[in-house]
Every structure is written in C-alpha cells, then in structure tokens.
Participant: 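Okay, handing you the structure first.
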Amino acid sequence: MSSGKPSVLVVDDKENMLKLFARILGDAYAVTTAPDGLQALALLSARAFDVVVTDIQMPGADGFTVLREVKRRAPDTEVVLVTAYASIPKAVEAIKEGAYDYLSKPFDPDEVALVVARALERQRQSRDARGLAARASRMPDFHGLRGTSPALQKTHALLAQVASRELTVVLTGETGTGKELAARALHRESPRRDKPFVAVNCGALPAELVESELFGHAKGAFTGATGAKAGLFEEAHGGTLFLDEVGDLPLPVQVKLNRALQEKEIRRVGTTTPVTVDVRVVAATHRDLAQEVSAGRFREDLYYRLGGVTVRMPALRERREDIPLLAMHFLAGANRPELEGFTPQALRTLTDAPWPGNVRQLQNAVARAAAVAAGPRIVPEDLPPELGTARVPVVQMSVGPLPAEALAKQPYREAVDRVRDAVSRDYLTALMQEFSGNVTHAAERAGMERESLHRLLKRYGVRTEDFKRGD
Ligand SMILES: Nc1ncnc2c1ncn2[C@@H]1O[C@H](COP(=O)(O)OP(=O)(O)OP(=O)(O)O)[C@@H](O)[C@H]1O
Ligand SMILES: [Mg+2]
C-alpha cells in the first residue's frame, strides 16, 4: 500500500475487461493488471496485494490456481472471482476454499466497487482480530488473574499489598469471579509461597465430616476412624489454608474455627492435646457475611476474626472492557488454531451479555463456541444462546397501527402496495442487519439470486454500506 491506496490486482485474459476494471477501480485503488494467470502468479511472488480480482477461465493458470496460490502465499489477501453464469456453482465452491466472493458476468460497476470495498473491510477485520490475539497473548496477569480494567487492576494492587502481611483475608464476589485464583495469588505473593497451599470447600462437605477434615481426628474418635489422621490445618502448617465457601460452615464448626484462629492451635477430634499450627487463613464466600451474621447463620466473633481485610472480586459486568481480551485468551487455549478470532457482532454479544457466572461462564462460552465454529471467526450463532437474550435485535415495523378509515380510504391496490412496500423495506433492513450487508449470504437466506436482491435493495433505498461490520 505504498501509494496509500489499497492495492488491487486484476487478472483477466480479455484486454477490454482489464480496462473496464481499471476504469471502475482506478480512482479509489492502486490497480495493477495481469493478462493471464501465470503473469499474475509472477507478480504475486514479487509483491503483496490487498485484493485480487481474477477471472476464472483463462489459458495457463486459471482463477482457481490463482486463488490457491494467493491463499498459500498471503492468506491476508482477499480474492474475488469473476465468473460466467455457467460456473457460478464452482465459484460458490471456491468461497469454501477461501475466496471472498464472486462477481458474475455481466455485472454493474457499482457491484464491483462494492465487493472490493467489502473485501477490504473483511481484510481489516482479520487484521483487527489478529491484533486482538496479539494483545491477548501479551496481556499481563497476576498469578493467572487477567484483565487490564481499572477495577481489576485495583483488586490486584490490593491483593499484592495484603499478601505479604499475616492478615486473614476474606475474598468476596460472585461465582466465577476468580476468588480461588486470588487465594492462590495471595499465597504465591506471600513469604509462605514455598510452603503448602491447602484448599477446602467448606460447603461441599457433610457437617459431620467438616470438623475432622479441618482438625483431624484420633484413632477411634468416631465409627470409621480406623487410624489417627492429621487435618487440613496441620497439612497447611507453615503455609496457607484456603477456606472456600466459609459462609457454609456449620455453626458448631465455626466456634472451633474461631478458637483455632485465636489460639493458633487445634485439637484433633477425640483428643484434648493441643497442636500448635502456623497457618495463614484466606477465606472466600459468595455470601454477604454481614447479612449472614444478622440472620444468625454466621458467628459474629468469627466474622470479626476473619475480617482482617476483605477483598471483593469485581463481577465481569463491572469490567466489560476486559471481555474481548479475556475471550481471545480463552480462545487461544481452545485448541482451534485456525480460528482467528471473533466477528465484531460476536464480540458485541460477549461484551453485552449479563454474565451471572462471570469469568468461568465466559471461559465455558468461548470453549463451546470454539468447538462448534466453522470459522474462520466465531459468529454470534456459535455462542451459547443464553448470552444473546440480553439484546435480541428487534425490528421496529414501519407498518404500525393504521386507523381503519385511513386504510379504507384508499383503493385496494394502493393500500396493499403501500403495506407491501413498507414490509419489504423492513424485511430488507432486517436482512442486511442480520448479514452485515453481505448480499451473497443474505441472498442465500432470502432464497433469491444475488442480482435480484441487489435490485430490490436499490429499489427500496436500502444501502448495504450502512450495515457493514465495524464499530
Ligand atoms: N481474572 C481472571 N483471568 C483469567 N481467568 C480467570 C479470572 N478470573 C477467573 N478466572 C477463571 O475462571 C474460573 C473460575 O475462577 P475461580 O474458581 O477462581 O472463581 P471463584 O470466584 O472461586 O468461583 P466460585 O465462587 O464459583 O467458586 C477459573 O477457571 C479461573 O481460572
Ligand atoms: Mg471457588
């Protein structure tokens, strides 16, 4: 693009066609022409073009050969095939091989300009997607916690600040916000990093078991206690004990936990001998502990003992600016290297979704989309449907309520024509919205020839440019 204009290579064995293309495209683009496929290949080996417009039937190397060579050498270059009516099926086939679109002869100059403009737009989007991928791969992380939003950066700073102190930390936040990651980060940032990190989910254990899990038990302390066993407090000695879902602890165990924290010693179930433990406790809960206290479900003394510092992990919807990079990061881990990213609409669906399950839900949504996507980019249809419910585009029909007398005042033909015109315009608008101005795909859905759709769009003044993808 040395001239500043995008570069277009036109390949056709008919001199007059080359002239026609040069006339149509010459103002907006730097046009180079090649009279046959072989010369095109020679040019392509010497330099890059943004778009290649090539005839299909040519002596020597045909349009498909040119397409394959372009895609092999410079996958970024978009290829538009020019085809006679008879080879349209082959041209459609070629789209699967990477051609951007085709022009069927005879064509409108407008159509040529439009298809080249859209090919360039598509190329820009691919580059954007790669830019996003590159930024995602460079995204800094705090022990696995990723995000550049001010909300998360503030959280990281606070975690880093309290990590080295011996304070008990309570991590709060909705499910999937990274509480466990944060607990591990606290451990790794602390002087205890080389000692054990022991995690226990207090909500997952039956009440009878929690106590012996935490504090251990003596041989014969209860039925089934065939041997003496150290508890998790002892296992975590010197390190960090992560009490996940601490709000779910049964009240009697809360009493014992409070005492253990206070005295820095525990007693195994069935013994009276105290064991000194040096453990830093990090607790997490998705509950509002203060509210649990007032409801009598959480002991006030334990609440105050734990609550040295509370760090609240922000919900994903409070830091939506992190969503594109996180999504890209998770896509990179999805083992579909051929997927280059997301379409702008897919990204918008992701950034707009409510995310009650936060980062975990995003991770799952991206993994699922990556598994079903046909590529090259993830489209909204690949995403779990529950994400889209937040913003289903609604067509405001222009045929709103019409007073009966107004309708009845007109002759039948006129009334019906008018309604039909309005409905047609609404339909075409919705169709263009759905396919982002891509007439080829829209025509397929509409069940009509692309040329007919073009005519209809023109007739109703619906401009494809207005629906092009982008921000
Ligand atoms: N900021 C983040 N960057 C990257 N991955 C994250 C981030 N936050 C969470 N995750 C990922 O999301 C998933 C859920 O995180 P984690 O288990 O830490 O959440 P949680 O708050 O403990 O959730 P729950 O309350 O459901 O236990 C994990 O796979 C984790 O790796
Ligand atoms: Mg968790």
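The shown structure was predicted, so the numbers you read here are calculated from the model rather than taken from an experiment. When a ligand or atom number is given, it counts from 1 through the structure's own listing order.
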Participant: Tell me which protein heavy atom sits closest to atom 26 (O) of ligand 1, plus the residue, atom name and distance to 0.1 Å.
Facilitator: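 For atom 26 (O) of ligand 1, the nearest protein heavy atom is Thr175 OG1, 2.4 Å.
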Participant: Students should be able to answer this: which protein heavy-atom is nearest to atom 10 (N) of ligand 1, and at what distance?
Facilitator: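 It is Val359 CG1, 3.4 Å.
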Participant: Starting from atom 14 (C) of ligand 1, which protein heavy atom do you reach first, and at what distance in Å?
Facilitator: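 The closest one turns out to be Arg360 NH2, 3.7 Å.
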Participant: To the nearest 0.1 Å, how far is atom 23 (O) of ligand 1 from its closest protein heavy atom, and which atom is that?
Facilitator: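 Its nearest protein heavy-atom neighbour is Gly176 N, 2.8 Å.
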Participant: What part of His286, side chain, backbone, both or neither, has a heavy atom within less than 4.0 angstrom of ligand 1?
Facilitator: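 Contact part for His286 vs ligand 1: neither.
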Participant: List the closest protein heavy-atom neighbour of atom 25 (O) of ligand 1: residue, atom name, distance to the nearest 0.1 Å.
Facilitator: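 Here the closest protein heavy atom is Lys179 NZ, 2.6 Å.
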Participant: Give a yes or no answer on whether the side chain of Gln254 reaches the backbone of Leu249 with a donor-acceptor pair at less than 3.5 Å.
Facilitator: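 Between the backbone of Leu249 and the side chain of Gln254 there is a qualifying donor-acceptor contact (under 3.5 Å).
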Participant: Among Arg118, Glu78, Arg122, which residue meets the side chain to side chain donor-acceptor pair (under 3.5 Å) test with Tyr100?
Facilitator: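 Testing each of Arg118, Glu78, Arg122 against Tyr100, the sole residue satisfying side chain to side chain donor-acceptor pair (under 3.5 Å) is Arg118.
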Participant: Quick one: nearest non-hydrogen protein atom to atom 30 (C) of ligand 1, plus distance?
Facilitator: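 Going atom by atom, the protein heavy atom closest to atom 30 (C) of ligand 1 ends up being Leu181 CD1, 3.7 Å.
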Participant: Is it the case that ligand 1 has an N or O less than 3.5 angstrom from some N or O of Leu145?
Facilitator: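 N/O-N/O distance under 3.5 Å: no.
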Participant: Starting from atom 2 (C) of ligand 1, what is the nearest protein heavy atom, named by residue and atom, and what distance separates them?
Facilitator: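 Atom 2 (C) of ligand 1 sits closest to the protein heavy atom Arg146 N, 3.3 Å.
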Participant: Hey, are Arg360 and Thr175 close enough side-chain-wise for a donor-acceptor pair under 3.5 Å?
Facilitator: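 Per modelled atom types, Thr175 and Arg360 side chains form a pair under 3.5 Å.
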Participant: Just checking, Arg146 and Phe330: is the charged tip under 6.0 Å from the six-membered ring centre and within 45° of the axis?
Facilitator: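 No, Arg146 does not lie over the aromatic ring of Phe330.
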Participant: Could you tell me whether Lys71 and Glu97 have a side-chain N and a carboxylate O separated by less than 4.0 Å?
Facilitator: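 So Lys71 does not pair with Glu97 through a salt bridge.
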Participant: Please, which pairs that meet ring pair (Phe, Tyr, Trp, His ring centres under 6.0 Å) have at least one residue in residues 193-226, sequence neighbours excluded?
Facilitator: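 Sorted result for residues 193-226: His187-Phe197, Phe215-Phe233, His217-Phe222.
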Participant: With heavy atoms only and a cut-off of under 4.0 Å, state how Gln363 meets ligand 1: side chain, backbone, both or neither.
Facilitator: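 Near ligand 1, Gln363 shows its side chain, while the N, CA, C and O stay back.
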Participant: So which pairs with a foot in residues 266-282 pass side chain to side chain donor-acceptor pair (under 3.5 Å), sequence neighbours left out?
Facilitator: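 Residue pairs with at least one partner in residues 266-282: Arg192-Asp278, Glu234-Arg268.
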Participant: Between ligand 1 and Arg319, can you find any atom pair, the residue atom being a heavy atom, that is separated by under 4.0 Å?
Facilitator: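 Judged by the 4.0 Å heavy-atom criterion, Arg319 does count as contacting ligand 1.
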Participant: Of all the atoms in ligand 1, which lie at a distance below 4.0 Å from a heavy atom belonging to Gly178?
Facilitator: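 Per the distance check, 8 (N), 9 (C), 15 (O), 16 (P), 18 (O), 19 (O), 20 (P), 21 (O).
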Participant: Is the closest heavy-atom distance from Gly144 to ligand 1 below 4.0 Å?
Facilitator: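 Per 4.0 Å heavy-atom rule, Gly144 contacts ligand 1.
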Participant: So Leu456 and Met448, side-chain contact (heavy atoms from CB on, under 4.5 Å) or not? Walk me through it.
Facilitator: CA-CA 11 Å; Leu456 272 182; Met448 57 172 72; 3.6 Å; yes
Participant: Looking only at protein heavy atoms, which one is nearest to atom 22 (O) of ligand 1, and what is the separation?
Facilitator: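 Minimum-distance protein heavy atom for atom 22 (O) of ligand 1 reads Glu180 N, 3.2 Å.
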Participant: If the threshold is 4.0 Å, N to carboxylate O, is there a salt bridge linking Lys179 and Asp244?
Facilitator: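 Salt bridge: no.
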